[in-house]
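Input: a single structure, listed below in structure tokens.
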Amino acid sequence: MQLAAIVISLVTFVIGTALAARAALYIYKVVRTGSADGTRFGQPAQRVATVAKEFLGHTRMNRWGVVGVAHWFVAVGFFSLVLTLVNAFGQLFDAEFALPVIGHWLPWNIFVELIGTLTTLGILVLMAIRLLSLPSRAGRKSRFAGSIAWQAFYVEYTILGIGLCIMMLRGLEGALEGLDSYDPAYLVSYPIAAAFHGTAHGTLVNLVYLFAMLKICISFAWAITIGVNPSMGVAWHRFLAFFNIYFKREEDGATALGALRPMTSNGAPIDFEDPADDAVFGVSQVEHFSWKGILDFSTCTECGRCQSQCPAWNTGKPLSPKLLIMSLREHAFAKAPYLLAGGGKDMEGEEKATAEQLKDVPASALAEAERPLIGTAEENGVIDPDVLWSCTTCGACVEQCPVDIEHIDHIVDMRRYQVMIESSFPTEAGTMLKNLENKGNPWGLATKARLDWVKELKKETGIEVPVIGEDIDPAEVEYLYWVGCAGALEDRAKKTTKAFAELLHTAGVKFAILGKEETCTGDSPRRLGNEFLFQMLGAQNVETLNAALEDAPTKRIVATCPHCFNTIANEYPQLGGHFEVIHHTQLLQHLIDQGKLLPVNPVEGLITYHDPCYLGRHNKVYTPPREIIGRVPGLRNEEMHRHKERGFCCGAGGARMWMEERIGKRINTERVDEALSLNPDIVSTACPFCLVMLSDSVNGKKAAAASGSATGGAAKEHLKVVDVAQLLLESVKAIPAADAEPVDA
């Protein structure tokens, strides 16, 4: 028995180690096929701290309650119990072997007992969760839909088998010691030791050989399996996740949200005024992704947290962030032999490698190299165009990913090539681009229309809004109010603009606007993929803002649109524009705290607040809007099921505002149905895009109810969708004397 156990174990160990090491080297080579990216190496100490925090604290996983706790024990057990594997090798040669120094140390034995047990229980919990949410039962609602099931189950059963072997060996060790009473060293395994009490010594020895062999063989059979499957992300993420987290985009450890990365070619930012002749615009081949992108694809563990939160997937569209990353991973690894042999196409589509270089490349890799990265099923494309254009860039996938995959950056990079080189994008978005080029706003309205709301406000209230540099000196301005295209030109959003301006006037804040000098910030074209147009609009705005605020004591800007807020604050620094930018809800909360705004008039009703993605997830502004709502008398706030970090998109981000939604359920309808489940009187938000999308759906619900064709939730006739600034103004504004209650003399 002992000889057989030794031979089988050592053979499995040698093969497993060799194959796993070979696969690790191969993964490294595949990752290196990506383009250069020199931005991932700064602040090494901070990066190490981020890895330690995210792994030891499980900061991304613990948002999922019991799943996070169970996974913590599994992850910690996987690495911390490796010495039990060393101990098993020793037991093959001596059944009573114990590790030197710590083998009989009570704290170590208690640690093994506790972590071994909790790891085993943890994997049982994770297995139960997977079994209760099988795609065969839950369909698209299962976050495991599309994951490679056999790989996940194999990994889970491997961990379970190892955990059981550890505890069995601990019990047999106790039996060999002749335990006849409880011993703290066998905190959990004592019942196993007691069960073998009285068993012949030779039998116990053989059982130790058997279970030591099983533990080793299970461990290195797993190594063999991952060794022959280098794209097995559900297994390799155990190692790759540390590197992926270390090399994440933001040096301070923040998620890859907010700003998009500048467009680069071969690792260097593209100079759009004088691009290099060999500059690569966007991503049209998998090797155009940076090496960090290939590492992202390789690290995906297929857990589906991104998929479960994705608004596109949840409304019947073909985009699943998980499946997109998996498709890119499988394509990268299938194409890798061709790339590693020197293969590749230039911008004209000509092969760069010689026939001699490619002669040993498998036919399957050569065929994979011919697949278009973006293309329909008929074109044998890796990513379908409907997948690419379904993304709202809401950031839910990036926010939820436990291994810090940067989905949005990869999606936008693919869009950039489609828009700038192929001119291939949804036709209706072309109208928006033309309007921006010609008129500086997506509606194509005349520039002078940007001041219509100012005239309306003066007519309604007598308040005059000054234009900086014309009606007021920059040195007198506390805040430059960036109105935005929607705030100046869209009728519903204009109500927010006027309400905010009136509140600033009431609070005595010195503010001004740019008026006709303002133009689109470029958020929508950039997320559509038209980087050139963004650069043009952004450079123009940065020049305008710098000139307008040159004499201002602080370059302080307030914006009512989260998309403008995000672009000016986070992306204009890439263009040389450094400004202090806040959202209007932050300023209003500050003014309330200072006592400059006093909400006293009750606004009765049940309210639910919708988190705009570019205010919440992208910029972590969750509290101010809720604080304002909480200060308005009469309002009863109730949160929707999906809120704050898990808030559900309205469907307008990522330039989707300007594209038709032809597949599945409309995202704004899904969000409104969720709101209507609370039977609210008011749906509030803090974004003009969200205001339009939610209003459209609510109005549609009301019209359907009136015609008797309503589906989903029912909207009250008096239900209104408003910005928090409108609510605050209603509470702050003095009640006209004619409407006031008579006062007894």
Side-chain angles (χ1 to χ4, degrees), residues 51-88 91 98-99 102-133 144 152-175 177 179 182-196 208 211-212 214-219 221-223 234-235 237-239 241-242 245 301 303 305 402-403:
V51 173
K53 181 180 75 171
E54 290 198 19
F55 175 67
L56 295 177
H58 252 47
T59 51
R60 310 299 291 277
M61 289 288 297
N62 283 338
R63 303 171 182 177
W64 291 74
V66 67
V67 176
V69 175
H71 190 275
W72 188 89
F73 284 111
V74 171
V76 169
F78 179 83
F79 292 102
S80 65
L81 296 178
V82 69
L83 288 179
T84 64
L85 186 59
V86 176
N87 198 74
Q91 288 171 318
L99 291 170
I102 64 171
H104 296 292
W105 188 39
L106 182 60
W108 166 250
N109 286 322
I110 291 176
F111 176 82
V112 171
E113 292 275 320
L114 286 175
I115 298 298
T117 302
L118 292 169
T119 296
T120 305
L121 292 175
I123 201 63
L124 285 171
V125 168
L126 297 181
M127 290 170 70
I129 289 170
R130 186 179 294 274
L131 289 169
L132 289 171
S133 186
F144 303 115
F153 282 116
Y154 176 73
V155 169
E156 288 171 345
Y157 281 112
T158 293
I159 296 169
L160 177 62
I162 292 171
L164 293 174
C165 284
I166 289 173
M167 300 314 295
M168 183 60 74
L169 283 169
R170 289 291 300 152
L172 290 169
E173 290 165 18
E177 287 185 20
L179 286 182
Y182 180 77
D183 188 326
Y186 298 91
L187 185 68
V188 181
S189 64
Y190 175 73
I192 301 174
F196 285 104
V208 169
F211 280 98
L214 281 174
K215 181 175 179 355
I216 292 166
C217 287
I218 291 172
S219 299
W222 181 78
V234 70
H237 86 278
R238 297 174 180 280
F239 309 107
F242 295 104
I245 295 169
T301 183
C303 66
R305 285 172 180 81
V403 293

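Bear in mind that the values here come from a model prediction, so they are computed numbers and not experimental data.
Nearest heavy-atom pair, Ala175 versus Phe196, reported as atom, atom and distance to 0.1 Å: CB-CB, 3.8 Å. Closest approach of Leu179 to Ala193, counting heavy atoms only: CD1-CB, 4.3 Å. Pairing each heavy atom of Asp183 with each of Tyr190, the nearest pair is N-CD1, 4.4 Å. Counting all heavy atoms, side chain and backbone alike, Pro402 lies closest to Arg60 at CA-CB, 3.8 Å. Between Arg130 and Phe144, the closest heavy-atom pair is NH1-CD2, 3.3 Å. Here the shortest heavy-atom pairing between Ala185 and Glu113 reads O-CG, 3.5 Å.
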Query raised in the report: After noting the C-alpha distance and the side-chain angles of Thr59 and Lys53, does the key distance pass the side-chain contact (heavy atoms from CB on, under 4.5 Å) rule?
Result: CA-CA 7 Å; Thr59 51; Lys53 181 180 75 171; 3.9 Å; yes
Query raised in the report: Between Leu172 and Ile192, is a side-chain contact (heavy atoms from CB on, under 4.5 Å) present by the stated rule, with each step listed?
Result: CA-CA 7 Å; Leu172 290 169; Ile192 301 174; 5.7 Å; no
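Counting heavy atoms from C-beta on, the side chains of Ile123 and Thr119 never come closer than 4.5 Å. Side-chain contact between Val86 and Leu83 is present, with heavy atoms from C-beta onward closer than 4.5 Å. Residues Val155 and Arg238 have side chains in contact (heavy-atom distance under 4.5 Å, counting atoms from C-beta outward). Arg305 has its side chain within reach of Val67: a pair of non-hydrogen atoms, C-beta onward, lies under 4.5 Å apart. Two residues are said to be in side-chain contact when any heavy atoms from C-beta on lie closer than 4.5 Å; Glu177 and Tyr186 meet this criterion. By the 4.5 Å heavy-atom criterion applied to side chains, Asn87 and Glu173 are counted as neighbours. Side-chain contact between Thr158 and Phe153 is absent, with no heavy atoms from C-beta onward closer than 4.5 Å. Side-chain contact check for Val188 versus Met167: some heavy-atom pair is nearer than 4.5 Å.
Without hydrogens or angle criteria, His237 side chain to Val234 main chain gives a donor-acceptor distance under 3.5 Å. Side chain of Ser133 to main chain of Ile129: no donor-acceptor pair is present (N/O by atom type, distance under 3.5 Å, no hydrogens or angles).
In this structure, the separation between CG on Leu160 and CG on Leu126 is 11.0 Å, given to the nearest 0.5 Å. Leu118 CG to Leu124 CG: the interatomic distance, rounded to the nearest 0.5 Å, is 11.5 Å. Annotation: the span from Phe55 atom CZ to Phe79 atom CZ amounts to 5.5 Å, rounded to 0.5 Å. Note that CD1 of Ile166 and CG of Leu85 are 8.5 Å apart. Values are rounded to the nearest 0.5 Å. Rounded to the nearest 0.5 Å, atoms OH (Tyr157) and CG (Leu164) are 12.0 Å apart. Note that OG of Ser80 is 5.5 Å distant from CD1 of Ile115, once rounded to the nearest 0.5 Å.
Exactly one residue among Leu187, Thr117, Val112 makes a side chain to side chain contact (heavy atoms under 4.5 Å, CB included) with Arg170. That residue is Val112.
Note on ring orientation: taking the six-membered ring where Trp is involved, the planes of Trp222 and Phe239 are tilted (angle from 30° to 60°). Below 30°, between 30° and 60°, or above 60°: for His58 and Trp72 the angle between ring planes is above 60°, a perpendicular geometry.
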